[in-house]
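I have placed the structure first, in the form of structure tokens, so that the comments after it can refer back to it.
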Amino acid sequence: MRPLWEVADFVRAIRRQMRFGEFSRARLRVLRMELYDDTAECDWIARVPDPWDDNLPSSVRNQNESLQALADAITMRNILFDAMPDVESAVLRSFRQPAREPPELIVLGTVSREAPAVHRVSSLVMRAKLYGFCFCYEDGFLRPLQQVEDQSEELTAQSVTLLGRGGISNGGK
């Protein structure tokens, strides 16, 4: 019963702490959360750009959207390890949902509880890399991880060896 309470705490913490982002007021949409013995997986749809950014140049709007996705990935990692003390590693994925197209993987991370020394790193992009996130950041924009998508199953299989052992999922809603 304790793992179920931890997942409930995790969901409540996401709703409370991630209700609004630093660069976007849009809500974060969690697609899937699975909990195994000492590992977890979590997938979510990145926040859309803030409506107030519509009048900004597209490069600035894209940069804000990308920085928000990286900040959300780091925050998701921190919330997950705070809410679930038995989890030692996690596979975290962030997707972008273009209009009328399938979701694109933009951030993939196989992260561990051990936090790297990031206190003196001012760059959000570098902090995300140090935490273990993989992404393609070019010209201030997160590009889809097409070359990594093929390897993501390999990375997931290496990180999570207890596949099929149950989990919690909201069915993609």
Side-chain angles (χ1 to χ4, degrees), residues 10-34 40-83 90-112 115-156 159 169-173:
F10 172 71
V11 171
R12 280 192 293 272
I14 288 173
R15 286 185 178 167
R16 184 178 52 251
Q17 295 177 24
M18 298 183 77
R19 183 172 180 186
F20 302 110
E22 185 177 338
F23 300 98
S24 176
R25 294 170 294 148
R27 289 187 178 237
L28 190 76
R29 194 173 85 188
V30 176
L31 296 174
R32 184 176 67 92
M33 171 66 190
E34 290 189 30
E41 285 189 43
C42 187
D43 299 345
W44 67 93
I45 298 289
R47 299 174 201 262
V48 296
D50 197 281
W52 286 13
D53 287 355
D54 286 345
N55 294 331
L56 294 175
S58 64
S59 62
V60 174
R61 188 173 52 245
N62 290 340
Q63 183 176 21
N64 287 348
E65 179 185 6
S66 298
L67 292 175
Q68 183 63 61
L70 294 175
D72 287 342
I74 292 171
T75 303
M76 185 71 76
R77 177 214 172 269
N78 294 337
I79 290 173
L80 186 130
F81 289 129
D82 286 345
V91 177
L92 304 175
R93 293 181 204 90
S94 178
F95 295 88
R96 180 185 301 125
Q97 180 76 51
R100 296 189 174 128
E101 293 193 24
E104 305 169 332
L105 179 65
I106 56 172
V107 178
L108 170 66
T110 302
V111 296
S112 66
V118 296
H119 302 301
R120 294 187 180 193
V121 178
S122 61
S123 168
L124 180 63
V125 176
M126 184 52 71
R127 275 194 314 239
K129 289 272 187 191
L130 290 173
Y131 274 117
F133 290 101
C134 177
F135 50 88
C136 183
Y137 188 75
E138 295 176 2
D139 300 325
F141 187 65
L142 283 173
R143 305 271 182 229
L145 291 173
Q146 285 121 359
Q147 65 272 20
V148 177
E149 277 181 12
D150 300 333
Q151 299 170 1
S152 69
E153 291 302 319
E154 252 178 63
L155 290 171
T156 303
S159 301
S169 174
N170 68 355
K173 292 182 183 176

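Everything quoted here is computed from the prediction, not taken from an experiment.
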Val91 and Asp43: CA distance, side-chain angles, deciding distance, side chain to side chain contact (heavy atoms under 4.5 Å, CB included) verdict: CA-CA 8 Å; Val91 177; Asp43 299 345; 6.0 Å; no
Do you know which two heavy atoms are closest between [X] and [Y], and how far apart they sit?
X      : Y      : answer
Leu145 : Cys134 : CD1-O, 3.4 Å
Cys42  : Met76  : SG-SD, 4.2 Å
Phe23  : Gln68  : N-OE1, 2.5 Å
Gly109 : Phe133 : CA-CD2, 3.6 Å
Ser112 : Phe81  : O-CE1, 3.3 Å

Under 4.5 Å between any side-chain heavy atoms of [X] and [Y], yes or no?
X      : Y      : answer
Val125 : Leu67  : yes
Ile106 : Phe135 : no
Leu92  : Val107 : no

Whether Glu34 side chain and Glu41 backbone form a donor-acceptor pair below 3.5 Å: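 The answer is no, because no donor-acceptor pair under 3.5 Å joins these two groups.
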Residue pairs, two or more places apart or on separate chains, that pass salt bridge (charged side-chain N to carboxylate O under 4.0 Å, His left out) and touch residues 121-144: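 Residue pairs passing salt bridge (charged side-chain N to carboxylate O under 4.0 Å, His left out), neighbours aside: Glu138-Arg143.
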Enclosure of Glu22 CD (heavy-atom neighbours >12, cutoff 6.0 Å):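 Count not over threshold, so no.
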Distance in Å, [X] [atom1] paired with [Y] [atom2], rounded so as to fall on 0.5 Å steps:
X      : Y      : atom1 : atom2 : value
Glu104 : Leu142 : CD    : CG    : 11.0 Å
Ile79  : Ile74  : CD1   : CD1   : 12.0 Å
Leu105 : Arg96  : CG    : CZ    : 10.0 Å

Partners passing side-chain contact (heavy atoms from CB on, under 4.5 Å) against Asp82 (at least two apart in sequence or in another chain):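 side-chain contact (heavy atoms from CB on, under 4.5 Å) check on Asp82 returns nothing, list empty.
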Residues in side-chain contact (heavy atoms from CB on, under 4.5 Å) contact with Arg16, at least two apart in sequence or another chain: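 Partners of Arg16 by the side-chain contact (heavy atoms from CB on, under 4.5 Å) criterion, ordered by chain and then number, come out as Arg12, Ala13.
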Test side chain to side chain contact (heavy atoms under 4.5 Å, CB included) applied to Asn78 and Gln17, step by step: CA-CA 11 Å; Asn78 294 337; Gln17 295 177 24; over 6 Å; no
Give every donor-acceptor pair under 3.5 Å between a side-chain atom in residues 53-61 and any protein atom, sequence neighbours left out.
from	atom 1	to	atom 2	distance (Å)
Asp53	OD2	Asn64	ND2	3.3
Arg61	NH1	Asp54	O	3.3
Arg61	NH1	Leu56	O	3.1

I'd like a table of donor-acceptor pairs (distance under 3.5 Å, sequence neighbours excluded) in which one partner is a side-chain atom from residues 44-52, with atom names and distances.
from	atom 1	to	atom 2	distance (Å)
Trp44	NE1	Ser94	OG	3.3
Arg47	NE	Asp72	OD1	3.4
Arg47	NE	Asp72	OD2	2.8
Arg47	NH1	Met18	O	3.2
Arg47	NH1	Ala26	O	2.6
Arg47	NH2	Met18	O	2.8
Arg47	NH2	Asp72	OD1	3.4
Asp50	OD1	Arg25	NE	3.4
Asp50	OD1	Arg25	NH2	2.9
Asp50	OD1	Trp52	N	2.9
Asp50	OD2	Arg25	N	2.9
Asp50	OD2	Arg25	NE	2.9

